Amino acid sequence: IGAVDENIDRNAVIAVVFAGVVDFHHALCVYVQHLMEQSPLVTQFWQLGDYVEMLDQRIRMETAESRHYRYLAQVVTNLPDGTAWDKIKQQIQALVFTTNGSQFYLWRDRLDQMFEDGV
C-alpha cells in the first residue's frame with residue numbers, strides 16, 4: 001500500500017507542476033501576442049529571430065535553398081530604414097544569391113554583435 005500511495009503522490013506532484021507550466025506558457029503567449037499587437041516592430045524582431053533560427057537549422061541539415069535566405073532577407077529588409085540595421089540589409093540580400101552557409105554565420109555574428117551593442 002505504501003508504494004501505491006507514493007506513486008499517487010508522485011503523480012499528483014507531476015500533475016501540479018505540468019499545470020503550472022501550461023499556465024505559464026499560456027500567459028507568456030498572451031503577453032507576446034499583446035506586445036505584437038501593440039508594435040509592428042516587435043513582430044518584425046520576432047520574425048527575425050524565427051527566420052534566423054529556421055535558416056540555421058536548414059543549413060545544418062544541408063537543406064537550405066535560396067528561398068529560405070529570401071524569407072530572412074524580406075524580414076531584414078522591413079527593419080527601419082536609416083538606422084544601424086541598414087548595415088546588415090545589403091549583406092543578407094547578397095546571401096540570397098550566394099546561399100553561402102559560412103557567410104550566413106558571419107552575418108549572424110554581426111547581427112548578434114548589434115544586439116549586444118544595444119542597437
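Everything numeric here is computed off the predicted structure, so don't read it as measured data.
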Pairs satisfying ring pair (Phe, Tyr, Trp, His ring centres under 6.0 Å), at least one member in residues 88-110, at least two apart: none
With sequence neighbours excluded, tell me which residues meet side-chain hydrogen bond (donor to acceptor under 3.5 Å, both in side chains) with Thr77. Gln93
Just so I know, are the side chains of Met54 and Asp50 near enough to count as touching, which here means a heavy-atom distance under 4.5 Å? no
Any pair counted as salt bridge (Lys or Arg N to Asp or Glu O under 4.0 Å), so long as it reaches residues 64-89, sequence neighbours left out: Glu65-Arg67, Asp81-Lys89, Asp86-Lys89
ILVMFWY network linking Phe115 to Leu55, side-chain heavy atoms under 4.5 angstrom: yes
Atom CD of Gln90: over 12 foreign heavy atoms under 6.0 Å: no
Could you check whether any side-chain heavy atom of Leu79 comes within less than 4.5 Å of a side-chain heavy atom of Thr83, counting everything from C-beta outward? no
For Leu106, side chain to side chain contact (heavy atoms under 4.5 Å, CB included) partners two or more places apart: Gln103, Arg110
Which value, rounded to the nearest 0.5 Å, describes the distance between Leu48 atom CG and Asn78 atom CG? 11.0 Å
Can you run down the salt bridge (Lys or Arg N to Asp or Glu O under 4.0 Å) pairs that involve residues 93-103, sequence neighbours left out, and say none if there aren't any? none
Judged by atom type as modelled, is there a donor-acceptor pair below 3.5 Å linking the side chain of Ser66 to the main-chain atoms of Val96? yes
Give every residue pair that meets the ring pair (Phe, Tyr, Trp, His ring centres under 6.0 Å) criterion with at least one member in residues 48-70, sequence neighbours excluded. none
For Ala94, the side chain to side chain contact (heavy atoms under 4.5 Å, CB included) test, sequence neighbours excluded, returns none
Partner residues of Thr98 under the side chain to side chain contact (heavy atoms under 4.5 Å, CB included) criterion, sequence neighbours left out: Leu95, Asn100
Test: salt bridge (Lys or Arg N to Asp or Glu O under 4.0 Å). Region: residues 92-107. Which pairs qualify, not counting sequence neighbours? none
Please name all residues satisfying side-chain hydrogen bond (donor to acceptor under 3.5 Å, both in side chains) with Gln113, sequence neighbours left out, ordered by chain then number. Asp117
What distance do Ile88 atom CD1 and Leu111 atom CG have between them, rounded to the nearest 0.5 Å? 5.0 Å
Set of side chain to side chain contact (heavy atoms under 4.5 Å, CB included) partners for Glu53, sequence neighbours left out: Gln57
Rounded to the nearest 0.5 Å, what's the gap from CZ on Arg108 to CD1 on Ile59? Could you check? 8.5 Å
